[in-house]
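A, B, ... follow the sequence lines: proteins, then strands. Residue 1 opens every chain.
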Amino acid sequence: MEDYNRPSSYLDDPPNSRLFLVTSKSITEDTIRERFAPFGEVQDIWVVKDKQTKESKGVSFVKFAKSSQACNAMEEMHGKCLVEGTKPIKVFIAQSRSSGSHRDVEDEELTRIFVMIPKTFTEEDLKETFKTYGDIEYAIVIKNKSTGESKGLGYVRFHKPSQAAKAIENCDKTFRAILAEPRTKNSSADNDYFSNQRSDHVGNEPGLSAYPFGAESSSYAAGDGWNSDMITRCLMVSSRVPVAQEQIYSLFDLIPGMEYCEMQRDQYGFSKGQAMIRYSNLGSAVYAKEKLNGFEYPPGNRLSVAFIDDGEDRTSPVGKMAMQLVAAQMMSMVWNGPSGAQLMKTTAGYAASSLPQKPRVQTDVVLPSHKKLAAPDSVVKERLFVIFNPSPLPVDILEDVFCRFGSLVEVYLVPGRNVGYIKYADRKHANDAMAALHGKVLPHWHKSLSDMTHDFDMTGRIFTMTRPHSYGQ
DNA sequence: CGACGGGACGC
DNA sequence: CGACGGGACGC
């Protein structure tokens, strides 16, 4: 609730909630209040008077809490005679104080609304949806002129301003209903925003990952980490803050082939903030260092990962070349999908059958089955705030993950930030998602069993979820 | 460390 | 014809 007793806080908020009255000079504030109060919450009445004579200039303003109240009062009171023997009053929606214009606001400008609708919405759907707010003159869906496909936008023209105002105030907020700007010939509105937007699924093309080779892997491209230094199957993980062995285990076990993980402890058994990891093959170790060196775990704490001597001699030129080949194949697997993985199994000596399945713990996430999304115009009952580390995953991947808890309405990533919002139609589903994913690392993730054209690397992305601060529900 | 998008009509 | 006051912003 705004405090409308504080004058500086109100201009014309909400829009079109203030009336401009032309009356006989004899009409008083009391009379106006008496006749306009029945239409709603009158927040302010101001009868304009001459500074010197204090005589009314026959002009008044009546501020309502809602536009629909003001519109209804206008419709009912325009042309009425407030006091016997005085001239009929005129009632208009007042021009906003900042506009400076004194032109009457026409009904034309107050009866047509502009809405966002599902692409599947027909004009009949539109009419059906909005007729509850009043008589509709027409409802049209904006379509692509050549293809005839809906742009997901529409106009609804009502007969009365109060009906349009009611629609704007009360319709589902996903319609984002606003008053339509009157049409002009100068319309630079040929911008084809929506049709241009549809073909942005680049990240789904096989071989065209959302994380192109090199973008996250400076050491590979720059060649600083691994071609000059030792490469082994053993890694030392160092952390400034104590991290439980289970956490380290879970993290490094996300990469297949881990066969050993142990915290280094001092003589009293206290953790020294270091862990030793061994993989069954070079490729896994290279990959683990590549992905987890510098990774923040827990958030704010950078893990450092380095090769340590595993006692094998790989100093010969041939050995080095073999290692580089292995490393390159690991990388190609990461970014190019199962064909690469196939390569790894044979060349890097990793075979699923040769490794006992380790029990997954802690950071591994078992996801429910895929569920249908909620209708796009569903009321959002709960929203999760998500922080990604180090960076957000592609929206389509996130949708695939978050839809599995049910009633997902939308995944929205804040542009240029590592945060986003996950909207659910059902509070329980949001809570389930939060319970399952809060603080978790999503492992190497297969988009679906039936669509194994490629898999996505989710390793190293930690979700933190909370309810957003204040969300008008 | 990490906070809130997108929108326009053949005369 | 008929267009913009009063009061005091907040920790």
Side-chain angles (χ1 to χ4, degrees), chain A residues 3-12 18-25 29 44-51 54 56-61 63 87-105 112-117 138 140-146 151-157 174-194 196-197 296 298-301 380 383-392 395 410-423 462-472:
Chain A
D3 178 11
Y4 285 102
N5 296 322
R6 203 177 66 239
S8 56
S9 78
Y10 103 33
L11 248 48
D12 285 86
R18 197 173 58 128
L19 295 180
F20 170 60
L21 274 59
V22 182
T23 70
S24 291
K25 297 189 200 306
E29 174 175 333
D44 190 32
I45 295 177
W46 169 29
V47 179
V48 179
K49 294 174 180 151
D50 184 284
K51 279 261 167 46
K54 303 239 185 129
S56 166
K57 290 161 90 170
V59 163
S60 306
F61 294 91
K63 174 70 176 70
K87 68 179 182 186
I89 64 171
K90 298 182 198 173
V91 185
F92 303 97
I93 291 292
Q95 283 283 4
S96 77
R97 270 191 127 170
S98 50
S99 85
S101 167
H102 287 172
R103 171 185 60 79
D104 292 348
V105 176
R112 194 178 62 141
I113 65 170
F114 180 49
V115 291
M116 306 187 86
I117 52 179
Y138 62 81
I140 57 165
V141 170
I142 302 173
K143 299 175 187 139
N144 183 314
K145 267 176 287 187
S146 43
K151 293 190 180 180
L153 298 170
Y155 292 103
V156 179
R157 172 81 73 180
T174 61
F175 287 113
R176 305 200 182 247
I178 56 173
L179 270 188
E181 293 291 336
R183 251 189 348 187
T184 59
K185 41 208 83 170
N186 188 9
S187 76
S188 59
D190 266 20
N191 297 338
D192 213 354
Y193 297 114
F194 275 49
N196 289 346
Q197 241 176 34
E296 286 192 32
N301 177 56
V380 175
R383 210 171 49 142
L384 300 178
F385 176 56
V386 188
I387 302 163
F388 300 94
N389 192 336
S391 60
V395 171
E410 192 194 12
V411 171
Y412 169 62
L413 295 179
V414 180
R417 321 239 61 144
N418 293 335
V419 300
Y421 298 91
I422 315 292
K423 305 175 186 174
I462 294 183
F463 293 84
T464 308
M465 296 192 208
T466 58
R467 287 198 178 74
H469 302 316
S470 73
Y471 182 55

Sugar-phosphate, base or nothing in reach of [X], heavy atoms under 4.0 Å:
{"X": "Ile45(A)", "value": "base"}
{"X": "Glu29(A)", "value": "nothing"}
{"X": "Val419(A)", "value": "sugar-phosphate"}
{"X": "Lys25(A)", "value": "sugar-phosphate"}
{"X": "Arg157(A)", "value": "nothing"}
{"X": "Lys87(A)", "value": "sugar-phosphate"}
{"X": "Ile178(A)", "value": "base"}

Q.
Quick check against the 3.5 Å criterion: does Gln95(A) have a side-chain atom that pairs as donor or acceptor with the backbone of Gly100(A)?
A. no
Shortest side-chain distance from [X], nucleotide among [options]:
{"X": "Asp44(A)", "options": "dG2(C), dG6(C), dC9(B)", "value": "dG6(C)"}
{"X": "Lys90(A)", "options": "dG6(C), dG6(B), dG2(C)", "value": "dG2(C)"}
{"X": "Arg97(A)", "options": "dC9(B), dG5(C), dA3(C)", "value": "dG5(C)"}
{"X": "Lys423(A)", "options": "dG6(C), dG6(B), dG5(B)", "value": "dG5(B)"}

Q.
When you measure from the side-chain N and O atoms of Arg417(A) to the phosphate of dA3(B), is any distance below 4.0 Å, counting only OP1 and OP2?
A. yes
Q) Is any side-chain nitrogen or oxygen of Arg183(A) closer than 4.0 Å to OP1 or OP2 of dC11(B)? A) yes
Q: Determine if the base of dC9(C) is syn or anti; take syn to mean the glycosidic torsion is within 90° of 0.
A: syn
Q: State, with a plain yes or no, whether a side-chain heavy atom of Lys151(A) is found less than 4.5 Å away from one of Lys143(A).
A: no
Using whole Å, report how far [atom1] of [X] lies from [atom2] of [N].
{"X": "Phe385(A)", "N": "dC4(B)", "atom1": "CZ", "atom2": "C1'", "answer": "9 Å"}
{"X": "Tyr412(A)", "N": "dG2(B)", "atom1": "OH", "atom2": "C1'", "answer": "14 Å"}
{"X": "Lys49(A)", "N": "dA3(C)", "atom1": "NZ", "atom2": "P", "answer": "16 Å"}
{"X": "Ile140(A)", "N": "dG10(B)", "atom1": "CD1", "atom2": "P", "answer": "6 Å"}
{"X": "Phe20(A)", "N": "dC1(C)", "atom1": "CZ", "atom2": "P", "answer": "12 Å"}
{"X": "His102(A)", "N": "dC1(C)", "atom1": "NE2", "atom2": "P", "answer": "14 Å"}
{"X": "Leu179(A)", "N": "dG7(B)", "atom1": "CG", "atom2": "C1'", "answer": "14 Å"}
{"X": "Ile387(A)", "N": "dC4(B)", "atom1": "CD1", "atom2": "C1'", "answer": "14 Å"}

Q.
Looking at the base of dG2(C), is there any donor atom on it, or on the side chain of Arg103(A), that sits under 3.5 Å from an acceptor on the other one?
A.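 It does not, because no donor-acceptor pair links the side chain of Arg103(A) to the base of dG2(C) below 3.5 Å.
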Q: Please confirm whether any donor atom in the side chain of Glu410(A) sits under 3.5 Å from an acceptor in the base of dG5(B), or the reverse.
A: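 For Glu410(A), whose side chain was compared with the base of dG5(B), there is a donor-acceptor pair (under 3.5 Å).
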By centroid distance (under 5.5 Å) and plane angle (under 30°), are [X] and [N] in a stacked arrangement?
{"X": "Tyr421(A)", "N": "dC4(B)", "answer": "yes"}
{"X": "Phe61(A)", "N": "dA3(C)", "answer": "no"}
{"X": "Trp46(A)", "N": "dG5(C)", "answer": "yes"}

Q.
Looking at Tyr155(A), I'd like to know if the NZ or CZ of Arg112(A) sits under 6.0 Å from its six-membered ring centre while staying within 45 degrees of the ring's axis.
A.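 The answer is yes; both the distance and angle limits are met.
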Q | Closest approach of Phe61(A) to Val48(A) (non-hydrogen atoms, all atoms of both residues) | A |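 That closest heavy-atom pairing would be CE1-CG2, 3.8 Å.
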Q: Give a yes or no on whether a salt bridge exists between Arg18(A) and Asp12(A), defined as a side-chain N under 4.0 angstrom from a carboxylate O.
A: yes
Q: Take Leu384(A) and Tyr421(A), measure what side chain to side chain contact (heavy atoms under 4.5 Å, CB included) needs, and give me the verdict at the end.
A: CA-CA 5 Å; Leu384(A) 300 178; Tyr421(A) 298 91; over 6 Å; no
Q) Which value, rounded to the nearest 0.5 Å, describes the distance between Phe20(A) atom CZ and Lys90(A) atom NZ? A) 9.0 Å
